[in-house]
4 protein chains.
Amino acid sequence: MTEAGAVPRRRGAARSETARRAILKAASSLFATRGYDHLTIEGIAAEAGVAKQTIYRWWPSKGSVVAEALLEGELLPGHFEVPATGDVRADLTAWLEDLSRFVDDPGNAPFIRSLVTAAAENADIGARLDEALGGSELTTRVEDAVASGEIWARTPVQEVVDALVGAVVTRALRRVPATPDTAERFVHLLLR
Amino acid sequence: MTEAGAVPRRRGAARSETARRAILKAASSLFATRGYDHLTIEGIAAEAGVAKQTIYRWWPSKGSVVAEALLEGELLPGHFEVPATGDVRADLTAWLEDLSRFVDDPGNAPFIRSLVTAAAENADIGARLDEALGGSELTTRVEDAVASGEIWARTPVQEVVDALVGAVVTRALRRVPATPDTAERFVHLLLR
Amino acid sequence: MTEAGAVPRRRGAARSETARRAILKAASSLFATRGYDHLTIEGIAAEAGVAKQTIYRWWPSKGSVVAEALLEGELLPGHFEVPATGDVRADLTAWLEDLSRFVDDPGNAPFIRSLVTAAAENADIGARLDEALGGSELTTRVEDAVASGEIWARTPVQEVVDALVGAVVTRALRRVPATPDTAERFVHLLLR
Amino acid sequence: MTEAGAVPRRRGAARSETARRAILKAASSLFATRGYDHLTIEGIAAEAGVAKQTIYRWWPSKGSVVAEALLEGELLPGHFEVPATGDVRADLTAWLEDLSRFVDDPGNAPFIRSLVTAAAENADIGARLDEALGGSELTTRVEDAVASGEIWARTPVQEVVDALVGAVVTRALRRVPATPDTAERFVHLLLR
DNA sequence: ATTTAACCGAGACGGTACGTCGCGTCTTCAA
DNA sequence: TTGAAGACGCGACGTACCGTCTCGGTTAAAT
C-alpha cells in the first residue's frame with residue numbers, strides 16, 4: 001500500500017538534480033561576469049557541461065533560469081541584509097548606504113542594470129526584484145519598528161519600501177550616484 | 001563661394017532628413033508594437049525603406065535610435081503632464097493616478113517595461129526615463145510649491161520625485177497594480 | 001530437463017513478437033510515406049508504440065530494420081513477379097514493362113530511390129535489392145530458358161540479370177522514363 | 001552605352017566567387033574523406049571558412065552543392081576516361097576493368113556508394129551520375145564505333161551504355177566484386 | 001515460493017546538426 | 001558623399017534525432 005498523498009512517479013528516468021544545479025550555477029556565474037543580455041543558453045549549457053535541450057526541457061527562457069537562480073540564492077548571496085540594531089532609521093540608512101555603494105560601483109552598475117533588464121522582461125524575476133535587493137527584509141524591519149512603537153503606527157509600510165527600492169532603481173537607470181547624505185535624506189523623508 | 005559664417009559643409013550629398021524621420025518613425029512604431037528587445041535594426045531599416053548602413057552611419061546602437069525617438073516625442077506623445085491647479089497634493093495625486101492607470105493597463109505594461117529595459121542598457125534613455133514619465137515637470141511643480149510656500153521649505157525635492165517615479169517603476173517591474181488610494185497614500189507619505 | 005536440441009533459453013521474459021511486428025510494420029509504413037532518409041528511429045518507435053531501446057536492442061541501425069522489413073515482405077508485397085508463359089523474351093519484356101511502369105510513376109519514384117539510398121548505405125539491403133525488384137525470379141526464369149534450350153546455352157545469366165536490373169536503377173537515378181519500346185529493346189539486346 | 005544583352009546588374013555587392021570556390025572545394029574534400037551522409041553543411045562551412053548562411057543563400061541542400069562540385073570537376077577529376085584505340089571491344093573492356101577496380105577497392109566503395117546515395121536523393125546528381133562514371137564518353141565511343149562500321153549499325157547505343165553503367169552500380173550496391181573475366185563477358189554480351 | 005535475469009514502456013541525458021535570424025561590416029551602383 | 005541594396009563572417013536561436021542510460025514494472029526460468 002502506498003503512502004497517502006504519495007505522487008505515483010511516472011515512469012522513465014528522473015530529472016537530474018546534478019544537471020539542474022550545474023545550470024543554475026553556470027547561469028549565475030555568467031550573469032555576474034557578462035551581464036544579462038550577453039547571457040546565452042548556449043553559453044550556460046557549455047559552462048554547465050550540459051546539452052542545450054536539457055535547459056529547454058525545463059525552462060522556457062533564459063529569464064526563467066535566472067529567476068530560479070535568484071530564488072536559489074545563487075545570485076547575490078548574502079548581500080544587502082538589513083541590520084536590526086533597534087534604531088530603525090539608522091538601520092535603513094545603513095542598508096541604503098550599503099546598497100548605494102554597491103550600485104554606484106562602476107563594476108557593479110552593469111550587474112544591477114542587468115537585474116532590472118531581467119526583471120523587465122520576466123515576471124518571475126520582477127516579482128522578486130526587491131527581494132534580491134533586500135526588500136522583503138526591509139519590509140520586516142519596518143513592520144517590526146511599527147509593532148514596537150518606534151515609529152508612527154500608521155506608517156504605510158509597503159509604500160515606504162517601494163519608495164526606497166524604487167529610488168535606488170530609478171537612480172541606477174539614470175546613472176545618478178548617491179552623495180554622502182542621500183541615504184539619510186531619504187530615510188528622514190519617509191520615516192517621520 | 002560660401003556664405004560668411006556658414007558651416008564649411010564638406011562635399012557630397014547632405015544627410016537626408018527624410019531618411020532620418022522615417023527611421024525614427026519606424027523605430028517608434030516597432031517599439032510600440034513589438035517591444036524593445038524584439039526591435040531590430042534590420043526591422044527598422046525594412047520598415048523605414050532604408051538601408052541598414054544609413055542607420056549605422058548615424059547611430060551607434062538601436063538604443064540611441066530609441067533615445068532620439070523619445071527626445072523627438074515620437075514615443076509617448078503628450079502623456080503625463082503634471083497639472084498645476086494650485087493644490088500641489090491634488091496635482092501630484094492626479095499625475096500619479098494618470099501614470100498608474102497607464103502602467104497598469106495590460107496593453108501598456110509591456111511598453112513601459114520595454115522602456116525600462118531600454119533605459120537599463122542605454123545611458124541616454126536612462127537619463128531621460130523620468131522625463132518621459134513626467135519627472136522633470138514633476139520637479140518643477142514641486143519646486144514651485146516650495147517657492148510659493150505651499151509646502152515645507154526644506155522639502156528634498158529630488159528625493160520626492162525619485163521616490164515617486166521609482167515607486168511606479170519598481171511596482172511595474174513586480175506587476176503590482178495600484179489600488180484606488182495608492183496615489184494618495186504616496187503623496188501624503190512624501191509631502192507632509 | 002530440456003528437449004534435445006532445444007536452445008537452453010536463458011531466464012527472463014522472451015522477446016516480444018508483438019513489438020517486433022509493430023516495429024517492422026511502422027518502419028514499412030513510414031518508409032513508404034516519408035522515404036528512407038526522413039525515416040527515424042524515434043519516429044518508428046512512436047508509430048509502433050514501442051520504446052526506442054527495444055529497437056536498439058535488436059537492430060544495430062535503421063537500415064537493418066528496413067532490411068528485415070524487406071525480407072518479411074512488408075515492403076513491396078507481391079510486386080514484380082516474372083511470368084512464365086514459355087516465351088522467355090515476352091516474359092522478360094512483360095516484367096521489365098511492369099517494373100518500368102512502377103518506377104516511372106511519379107508517386108513511386110521517391111520510393112524506389114529511397115530503396116537505392118538504403119541499399120547504398122546498408123549491405124543487407126544492397127544484397128537483396130535486385131531480389132526486391134524481382135531479380136532472383138528473373139535469374140530462375142532465364143536459367144530455365146537456358147535449360148529448356150529456348151535460348152543460347154552459354155548465355156551469361158548473371159550478367160543478363162545485372163544488366164537488366166542495373167539499367168532500371170541507373171535510369172531511375174537519372175529520372176529517365178521508359179519509352180514504349182524500351183523493354184523490348186533491352187530484351188533483344190541481351191537475349192540474342 | 002551598354003552592350004546589347006548585358007544584364008543591368010542589380011545593386012549591392014556581387015556574389016563572392018572566392019566563397020563559392022571554397023565551398024565547392026571543401027564539399028569535395030569532405031565528400032571524399034567522410035562520405036555523403038557524414039557530409040554536413042556546418043562541416044563544409046567550417047572547412048571553407050565561410051558562414052553557413054552563405055551556403056544556404058545559394059544552394060537549397062547539400063545535395064545541390066555536391067552536384068555543382070561534380071559539374072565543376074572538383075570530384076572525380078580525370079577518372080574513367082574511355083580509351084580510343086580503334087578496337088571498341090578492347091576499349092570498353094579496359095574502361096570497365098578500370099571502373100571495376102576502382103569500385104571494388106575497399107577504400108573507394110564507400111565513395112561510389114555515396115555517389116549513388118547522392119544521386120538517389122538529388123535529381124541534378126542523378127542526371128550526371130553516368131557522366132561522372134564516364135558514361136558520356138562511353139556513349140561517344142560506341143557511337144563512333146557504329147559510325148565507323150566497326151560494330152552493328154543498329155546497335156542500341158543508349159541501352160548498351162545503361163546496361164554497362166547500371167551493372168556496375170547494381171553490383172556495387174550488392175557488394176559483388178568483379179572477377180577477372182567479368183568485363184570481357186559484359187562487353188561480349190552487349191556488343192555482338 | 002523466492003530470487004533473479006531479461007524484457008518492455010517511458011523518458012532524461014550529452015551530443016551533433018539543422019535551418020533561420022539578426023548583427024555589424026563591406027562592396028556596388030545611382031543620384 | 002549619401003543612400004538603397006544586398007553579400008559576407010559570425011554568433012545564437014530553438015528543434016529534431018542520435019545512441020545511451022536510468023527508472024518502474026512484468027515475465028519466466030532457476031533456485
Side-chain angles (χ1 to χ4, degrees), chain A residues 8-16 18-20 38-46 48-58 60-62, chain B residues 9-16 18-20 22 38-46 48-58 60-62, chain C residues 2 8-16 18-19 38-46 48-58 60-62, chain D residues 8-16 18-20 38-46 48-58 60-62:
Chain A
R9 272 288 286 112
R10 77 200 181 304
R11 288 188 280 184
R15 175 173 183 182
S16 161
T18 308
R20 183 180 152 274
H38 291 101
L39 189 65
T40 66
I41 298 283
E42 296 218 325
I44 296 170
V50 140
K52 274 200 291 179
Q53 192 56 51
T54 300
I55 301 180
Y56 284 111
R57 187 155 26 233
W58 302 109
S61 63
K62 70 171 180 173
Chain B
R9 277 287 283 109
R10 65 208 183 297
R11 289 185 282 186
R15 176 173 182 183
S16 161
T18 309
R20 183 179 152 275
H38 290 102
L39 189 65
T40 66
I41 298 285
E42 299 218 325
I44 296 170
V50 138
K52 279 198 294 177
Q53 191 56 51
T54 302
I55 300 180
Y56 283 112
R57 190 156 17 233
W58 301 109
S61 64
K62 71 170 179 173
Chain C
T2 52
R9 274 293 277 112
R10 66 210 183 297
R11 296 189 270 192
R15 175 173 183 183
S16 161
T18 309
H38 291 101
L39 189 65
T40 65
I41 298 283
E42 298 219 324
I44 296 170
V50 138
K52 278 199 294 176
Q53 191 56 52
T54 302
I55 300 181
Y56 283 111
R57 190 159 18 234
W58 302 109
S61 64
K62 71 169 179 173
Chain D
R9 276 290 286 110
R10 74 202 182 303
R11 288 188 278 184
R15 176 174 182 183
S16 161
T18 308
R20 183 179 152 274
H38 291 100
L39 189 65
T40 66
I41 298 283
E42 296 218 324
I44 296 171
V50 140
K52 274 200 292 179
Q53 191 56 51
T54 300
I55 301 181
Y56 284 112
R57 185 153 28 230
W58 303 109
S61 64
K62 70 170 179 173

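Proteins come first, then strands; the chains are lettered A, B, ... in the order of their sequence lines, and each starts at number 1.
For the pair C:R57 and C:T54, the minimum side-chain heavy-atom distance is below 4.5 Å.
Across E:dC29, F:dA30, E:dC8, the shortest atom-to-atom separation from the side chain of D:R11 is found for E:dC29. The side chain of C:I41 sits closest to F:dC18 out of F:dC18, E:dT27, F:dC13. Listed candidates were F:dC10, F:dC8, F:dC18. Nearest to the side chain of C:Y56 is F:dC18. Out of F:dC13, F:dC8, F:dT22, the shortest distance to the side chain of D:R15 is found at F:dC8.
Phosphate contact (OP1/OP2 of E:dG14, side-chain N/O of A:T54, threshold under 4.0 Å): present. Contact annotation: A:W58 side-chain N/O to E:dC13 OP1/OP2 distance is under 4.0 Å.
A residue-by-residue look at C:A51 and B:S61 shows that C:A51 has its nearest nucleotide of DNA chain E further toward the 5' end. The residue among D:G43 and A:V50 whose nearest nucleotide of DNA chain E is located toward the 5' end is A:V50. Annotation: of the two residues near DNA chain F, A:P60 and D:A19, the 5′-most nearest-nucleotide partner is D:A19.
Considering all non-hydrogen atoms of both residues, A:A51 and A:A45 come closest at C-CB, 4.3 Å. For the pair A:S16 and A:A19, the tightest heavy-atom approach, listed with the atom from each and the gap, is OG-N, 3.0 Å.
Note on A:R57: a base of the nucleic acid sits closer than 4.0 angstrom, heavy atoms only.
Straight-line distance from the NZ atom of D:K62 to the P atom of E:dC18: 8 Å, rounded to whole Å. The CD1 atom of D:I44 sits 17 Å away from the C1' atom of F:dG9 (whole-angstrom rounding). Between B:E42 atom CD and E:dT20 atom P there is a gap of 15 Å when expressed in whole angstrom units. The nearest whole Å value for the distance from the NE2 atom in A:H38 to the P atom in E:dC23 is 13 Å. Counting to the nearest Å, the C1' atom of E:dA17 and the CD1 atom of D:I55 are 13 Å from each other.
Counting atom types as modelled, A:K52 pairs no side-chain N or O with a base atom of E:dG15 as donor and acceptor under 3.5 Å. Scanning atom types as modelled, one donor and one acceptor separated by under 3.5 angstrom connect the side chain of B:Q53 and the base of E:dC26.
Here the CZ-CH2 distance, from D:R15 to D:W58, works out to 5.5 Å after rounding to the nearest 0.5 Å. Here the NZ-CD1 distance, from A:K62 to A:I41, works out to 8.0 Å after rounding to the nearest 0.5 Å.
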